[in-house]
There are 2 protein chains.
Amino acid sequence: VIKINGLIKDYYLDKHSVHVLKGIGLTIHSGEYVALMGPSGSGKSTLMNIIGCLDSATSGEYILNQQNISTLPESVLASIRSKEIGFVFQQFNLLPRLTALDNVALPLIYAGVDKKERTRIAKEKLALVELADRADHKPNELSGGQSQRVAIARALVNNPSIILADEPTGNLDTKTSYEIMNIFESLNKSGNTIILVTHEEDVAAKAKRIIRLRDGVIESSEDIHKR
Amino acid sequence: VIKINGLIKDYYLDKHSVHVLKGIGLTIHSGEYVALMGPSGSGKSTLMNIIGCLDSATSGEYILNQQNISTLPESVLASIRSKEIGFVFQQFNLLPRLTALDNVALPLIYAGVDKKERTRIAKEKLALVELADRADHKPNELSGGQSQRVAIARALVNNPSIILADEPTGNLDTKTSYEIMNIFESLNKSGNTIILVTHEEDVAAKAKRIIRLRDGVIESSEDIHKR
Ligand SMILES: Nc1ncnc2c1ncn2[C@@H]1O[C@H](COP(=O)(O)OP(=O)(O)OP(=O)(O)O)[C@@H](O)[C@H]1O
Ligand SMILES: Nc1ncnc2c1ncn2[C@@H]1O[C@H](COP(=O)(O)OP(=O)(O)OP(=O)(O)O)[C@@H](O)[C@H]1O
Ligand SMILES: [Mg+2]
Ligand SMILES: [Mg+2]
């Protein structure tokens, strides 16, 4: 479902240019569960943003569901982003003036769902991440781990076929982390494709394949065989 | 150096009140190295903000360096915050329009240090967290783990006697995490008091005492004896 070839991403600042992705090639099939690991600054979030159609590559090819992403107009990309991909951001990106409930419901507005149904689905997802009692809190009235869980709930409301989660358990204690990993596991069992960035080996071990990035290139890709 | 007694913190929202800290009592001596752990939402950041003089308790007593914090005027608190306490925020709180270098140098402006010396110290701290080559990047041009390291460097520039670090390795890979923990360890050896919130047991194991919070109360406090 995801085919990437020779992907390059550079940034140009005043005094120097930064070569972040230096030729990435990878294929991810529908229903796969992949963990993406690598040192801080190695390009994981940059790669995730390109996969999530939030950013474009400098050069190289990205085919998503047999469509060449670099040839698609913004309106089609916006539709893909809201309906087919659920993104959990490393720094949450919640809207500060909306409550947890309204933040979670936001993607449903883009999908054209009416208010009563949006509220029902958003409440269901908040309950799934154990935050039913924080529905009316704004982001500055939530703990770090609670904000992270609101970001996770928001990514799930459209039941997207592809879930991209950038360090979704970075701010969670072990028990809450475990609960979130169970959610991803059951989504994968229902057929969703999951790509998860993590720096924790025991979180990565829940995936079926681990791809390791280093200095903007793929260092290794290994399947995990569980009993 | 830190004496807390019967500390209570409540928030009042429109529809309900939230009792976050329900009577915290603890004593931390100068030069101690304490890890603070507990579930997401248990009150760790709230307690850290009160210890760091960034927030006030609803009731209870907080004595810092033999001064009762609730009786001090804001000007004295501001001076304590900038000179005696270095705070690494869970969500970094970097200023988006300043470069990494200027973000790190900011506390030195409050301390009245001249520009040449500020730049020298800020560069030294950025090099300490391995980000010398990212000095001119703004926060949106940094990775999550790089932003976290800029926040750590900023907390160290005034060589504060007390370092409060809220999940400082949450976005870091194992190797970078290890380097940051070595920095805290050597600071503690030089006499700095360190309070570190973490949800990772192997990070907590580097401290000399682990305090566990649950539902706004201290559940346990245990000394760690290393060989
Ligand atoms: N301004 C506020 N108004 C209302 N409730 C708040 C406010 N700030 C925090 N809270 C609530 O206080 C509780 C404790 O928050 P705190 O940030 O201290 O938790 P934490 O232990 O740091 O959690 P985490 O590990 O997720 O970072 C949470 O349940 C949160 O929803
Ligand atoms: N807008 C930008 N301009 C310049 N450089 C950038 C920009 N965004 C990111 N970078 C650089 O690109 C590199 C990769 O960033 P990225 O966020 O992808 O890393 P990462 O692997 O997700 O790291 P982390 O584990 O710390 O989150 C970093 O070295 C960063 O400084
Ligand atoms: Mg990242
Ligand atoms: Mg916190």
Side-chain angles (χ1 to χ4, degrees), chain A residues 11-16 18 20 37-46 48-49 89-92 94 99 129-131 133-149 166-167 169-177 179-180 197-204 212-214, chain B residues 11-16 18 20 37-46 48-49 89-92 94 99 129-131 133-149 166-167 169-177 179-180 197-204 212-214:
Chain A
Y11 289 107
Y12 299 99
L13 300 187
D14 299 341
K15 298 193 178 150
H16 60 129
V18 187
V20 183
M37 303 188 80
S40 174
S42 52
K44 307 179 295 296
S45 298
T46 302
M48 291 284 272
N49 288 339
F89 294 93
Q90 186 170 8
Q91 292 175 45
F92 322 149
L94 301 178
T99 60
V129 298
E130 313 251 331
L131 286 179
D133 62 351
R134 289 288 180 270
D136 61 337
H137 287 229
K138 297 205 181 67
N140 68 342
E141 297 164 342
L142 293 172
S143 79
Q146 289 167 347
S147 302
Q148 189 156 41
R149 283 181 275 157
D166 198 344
E167 309 259 11
T169 62
N171 282 285
L172 302 177
D173 56 285
T174 310
K175 174 166 174 290
T176 313
S177 204
E179 288 160 12
I180 294 301
V197 171
T198 183
H199 64 260
E200 296 181 61
E201 295 283 349
D202 46 0
V203 168
R212 295 183 193 267
L213 211 57
R214 179 175 293 275
Chain B
Y11 289 108
Y12 299 98
L13 301 186
D14 298 339
K15 297 193 179 150
H16 61 131
V18 186
V20 182
M37 304 189 80
S40 175
S42 52
K44 307 179 295 296
S45 298
T46 301
M48 291 284 272
N49 288 339
F89 294 93
Q90 185 170 8
Q91 293 174 48
F92 322 149
L94 301 179
T99 60
V129 298
E130 313 252 331
L131 286 179
D133 62 352
R134 290 287 181 269
D136 62 338
H137 287 231
K138 298 204 180 67
N140 69 342
E141 296 164 340
L142 293 171
S143 77
Q146 290 167 346
S147 301
Q148 188 155 44
R149 283 181 276 159
D166 197 344
E167 307 262 10
T169 62
N171 282 284
L172 301 177
D173 56 285
T174 310
K175 175 165 174 290
T176 314
S177 205
E179 289 160 13
I180 294 302
V197 172
T198 182
H199 63 261
E200 296 181 61
E201 295 283 349
D202 45 2
V203 168
R212 294 183 195 270
L213 211 57
R214 180 174 294 276

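The chains referred to below are lettered A, B, ... by the order of the sequence lines, with proteins before strands, and numbering in each begins at 1. Only this structure's heavy atoms are used, side chains among them; waters, hydrogens and symmetry mates stay out.
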K.L.:
Looking at Gly38(A), Ser45(A), Pro39(A), which makes the most heavy-atom pairs under 4.5 Å with chain B?
P.N.:
Pro39(A)
K.L.:
For Lys15(A) versus Asp136(B), what's the shortest heavy-atom pair and its separation?
P.N.:
CB-OD2, 4.2 Å
K.L.:
Identify which part of Thr169(A) has an atom lying under 4.5 Å from any heavy atom of chain B, answering side chain, backbone, both or neither.
P.N.:
backbone
K.L.:
Which of these, Lys175(B), Gln146(B), Arg149(B), sits in a side-chain hydrogen bond (donor to acceptor under 3.5 Å, both in side chains) with Ser40(A)?
P.N.:
Arg149(B)
K.L.:
Which bit of Glu200(A) is near chain B, if near means a heavy-atom gap under 4.5 Å: side chain, backbone, both or neither?
P.N.:
side chain
K.L.:
Would you give the length of the straight line joining atom CG of Leu13(A) to atom NE2 of His137(B), rounded to the nearest 0.5 angstrom?
P.N.:
4.5 Å
K.L.:
Could you tell me whether the side chain of Thr174(A) reaches within less than 4.5 Å of the side chain of Met37(B), counting heavy atoms only?
P.N.:
no
K.L.:
Taking all heavy atoms of Gly144(B) and all of Gln91(A), pick out the closest pair and write down the distance.
P.N.:
CA-NE2, 3.4 Å
K.L.:
Under 3.5 Å, is there a donor-acceptor pair between the Gln90(B) and Asn171(A) side chains?
P.N.:
yes
K.L.:
Where do Val18(A) and Arg134(B) come nearest, in terms of heavy atoms and distance?
P.N.:
CG1-NH2, 3.6 Å
K.L.:
Is Glu141(A) in contact with chain B via its backbone, its side chain, both, or neither, using a 4.5 Å heavy-atom distance?
P.N.:
side chain
K.L.:
What part of Asp133(A) lies closer than 4.5 angstrom to a heavy atom of chain B: side chain, backbone, both or neither?
P.N.:
backbone
K.L.:
Let me confirm one number: the OG-NE2 distance from Ser177(A) to His199(B), rounded to the nearest 0.5 Å.
P.N.:
6.0 Å
